[in-house]
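In each ligand, atom 1 is the first atom listed, and ligand 1 is the first ligand listed.
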Amino acid sequence: MKTHYLNYVAGLSLIFLMASCGNQGSETSQVLGGSAAEQAYVAPGEYDEFYAFMSGGYSGQITAYGLPSGRLLKEIPVFSKYPENGYGYSEETKAMFNTSYGEVPWDDSHHIELSQKDGEFDGRWLFVNGNNTPRIARVDLKTFETVEILEIPDVAGLHCAPFITENSEYLVSGTRFSVPIPQKDVPIDTYKKNFKGLINYVSVDPEHGHMELAFQIEMPGFNYDLARNGKGKSHGWSFLTTYNSEQEHSLLEVNASQKDKDLMAVINWKKAEQYMKEGKFTERQTSYFHNLMNEETSIVESEEKTLTKILDPKNCPDMVYFIPVPKSPHGCDVDPTGEYIVGNGKLSADMSVYSFDKIMKAIEEKNFDGNFDGIPIINYEAALDGIVKKPGLGPLHTEFDGRGNAYTTFFISSEVVKWDVESKEILDRQPTFYSPGHLVIPGGETKKPDGKYLVAMNKITKDRYLPTGPELAHSAQLFDISGDKMKLILDFPTKGEPHYAQAISADKIQPNSVKFYDIEQNKHPHATLGESKTRVERDGDEVHVYMTAIRSHLAPDNIEGFKVGDKVYFHLTNLEQDWDVPHGFAIQGATNAELLVMPGQTRTLLWEPKKPGVFAFYCTDFCSALHQEMSGYARVSPKGSDVPIKWGLNEKLRENEQAAHDFYEKAKQNANIGK
Ligand code: RUQ
Ligand code: CUA
């Protein structure tokens, strides 16, 4: 009964939508009432079934949403500084933004990749690329914090990244723009002679997740766009779409669309590993930064690296091939069995589906149509499994449900199309509002998709929501894909412009969340492990304040003896050990941001007082009923004055352990009122 009704509703909605393309916001909301809304409804107090991690595009960050509710759970700062919690402003995290260009506090994040084991998500880490200053970041899903950023040298626009292999061996990352390698001052019209593209293999340490640039493959000067790695039988291979095989450098919209077919790169990375072992690489001097949060001190340590190892396909036979793909390909997706590779030509009317077995056979039989720069081009027909005929306009990305179906987004005709991977037959199509880029099915790029939902991430919003000035909220649309036909069940705004997302069952992440922070594990050199150890130390113009926070006071809370021109470092240790009790710290006149200090952690804020007076500081996180009382004063005297350093919470407490203990107990009781 219910399904019938829903089908009827879905049909109706289609009619409404087709009837008016201008302003259908109200019509869709009418037909989306009732049972469709119920499917996405997660009652207050209940949890979502999935986490969806969306890249933030030009926000440089990641957002975590719950599915099916579409509720925004958290914004995780990655490539952009984030005053909300002091990421990039605290002394401990500043180094996360170090690059060979200096401190770069912003980037453009596109592709989320969750770590995998045996071709399934394991819920440990999340990787994301920074396009503009080529970088890859790692987020630890125990804490939802960015813990590592690795710069990738000698590439430009790291768009084709960081695509993961089935045991997280590598993050395959290709350059979007080819550039002179090594960088040098040459006329742009020497493109064909001087410009090259690098495909980077970044290894991931299986125990700690640490990234390392294992090797780079030097390729012709195309634009490397997207990639996927093989799985199951095709494990050990990477597939990367390229455009601009014309090798043009101006007006690409015309000049890079001349040829009927571009090329997909097919890389045997196991072979590449073998060549690396045999020493077939060349080394080159360069510069790139590796920034890693030390787990014990929680301080980011930054290191400049100066050497890379490069493999040249000319010296490494059987490592790289090309296959023709019709008309400016974009997405490149491998089905859960590892047999089918979908190449979407943006300007092609059809979609080409390749067979891994056929590719292998063609390679074995040397069924090549010449080569490009010595790289063999596999015969198109020999590699092709079949064609999806006239599926829609502007195919971009494909994901799979694990039941033999593929789902492709069509940017121009603004729809999601479901088709049968084996028969290539089209099974269903549903409109999206409007122009979807990526789509995501939980586990949709793994061996075991959770084919219950699909989220389309739309590029053009127009009339979906109440207007918010010229920049409208982007929209994500949730479809139920458990039945034969897709059903639109929810529409929610997103932050930034999400490019890609990955979604994972909550039970792979939720149990691992760190809940207790042992203060004894804090090895920060400026940690203050107990209120009796709080102090203020002057060293020339530098003053170090060793401060603690516990509900509901900061210690010390009265400090005198600062002088104009000092550099004051507030090292704040949060003495709480239970999660959900961060404390914040802000002081008037600071020119950076606040600190938000997690339980058991130490964070440092630099304050440079500019004028004499008495300045207030306070906790910024409403941590208890007496949060408003969690404050203090800093006295600043003129430069050269002789006011001595002096601090206190309460002199009696500092000298008398029993009094201090009683005070904390009382304070904690007060703090728990109303918590
Ligand atoms: S791309 S909208 Cu930046 Cu992944 Cu296709
Ligand atoms: Cu601590 Cu408010």
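Under 4.0 Å is where a charged nitrogen must lie from a carboxylate oxygen, and between K259 and E246 no such pair does. Of the charged side-chain nitrogens involved, none lies within less than 4.0 Å of a carboxylate oxygen, so that K74 and E145 do not count as a salt-bridged pair.
With 2.8 Å as the limit, H583 does not count as an N, O or S neighbour of atom 2 (Cu) of ligand 2. Atom 1 (Cu) of ligand 2 has an N, O or S atom of M630 inside 2.8 Å of it.
In this structure, K459 is part of the shell of residues with a heavy atom less than 4.0 angstrom from ligand 1.
Within D621, the N, O or S atom lying nearest to atom 2 (Cu) of ligand 2 carries the name O. The minimum distance between atom 2 (Cu) of ligand 2 and any N, O or S atom of H627 involves atom ND1.
Cation-pi geometry between R535 and Y546 is met: the NZ or CZ atom falls under 6.0 Å from the ring centre, inside 45° of the normal. K346 forms a cation-pi arrangement with Y243, by the criterion of a distance under 6.0 Å to the ring centre and an angle within 45° of the ring axis.
Here atom 5 (Cu) of ligand 1 is the vertex; the NE2 atom in H397 and the NE2 atom in H330 give an angle of 90° (to 10°). The angle that C623 SG and C619 SG make at atom 2 (Cu) of ligand 2, rounded to 10°, works out to 120°.
Considering only non-hydrogen protein atoms, atom 3 (Cu) of ligand 1 sits nearest to H159 NE2, 2.1 Å.
Neither the backbone nor the side chain of D225 comes within 4.0 Å of ligand 1, counting heavy atoms alone.
Between D401 and I441, the shortest heavy-atom distance links the atoms N-CD1, 4.3 Å.
The distance between the ring centers of Y500 and H110 does not fall below 6.0 angstrom.
With hydrogens and angles ignored, the 3.5 Å screen pairs a side-chain donor or acceptor of T175 with a backbone N or O of A156.
For ligand 1, the atoms closer than 4.0 angstrom to any heavy atom of G437 are 2 (S). Per-residue contacts place H111 under 4.0 angstrom from the following atoms of ligand 1 (heavy atoms of the residue considered): 1 (S), 3 (Cu), 4 (Cu). Every atom of ligand 1 is numbered from 1 in the order shown, and the set under 4.0 Å from a heavy atom of L226 is 4 (Cu).
Looking at H474 and N458, their side chains never bring a donor and an acceptor atom within 3.5 Å of each other.
For atom 4 (Cu) of ligand 1, the candidate residues are H499, H110, H438; the nearest heavy-atom contact is made by H438.
Partner E113 forms a side chain to side chain contact (heavy atoms under 4.5 Å, CB included) with one of I164, I136, V128 and no other, that one being I164.
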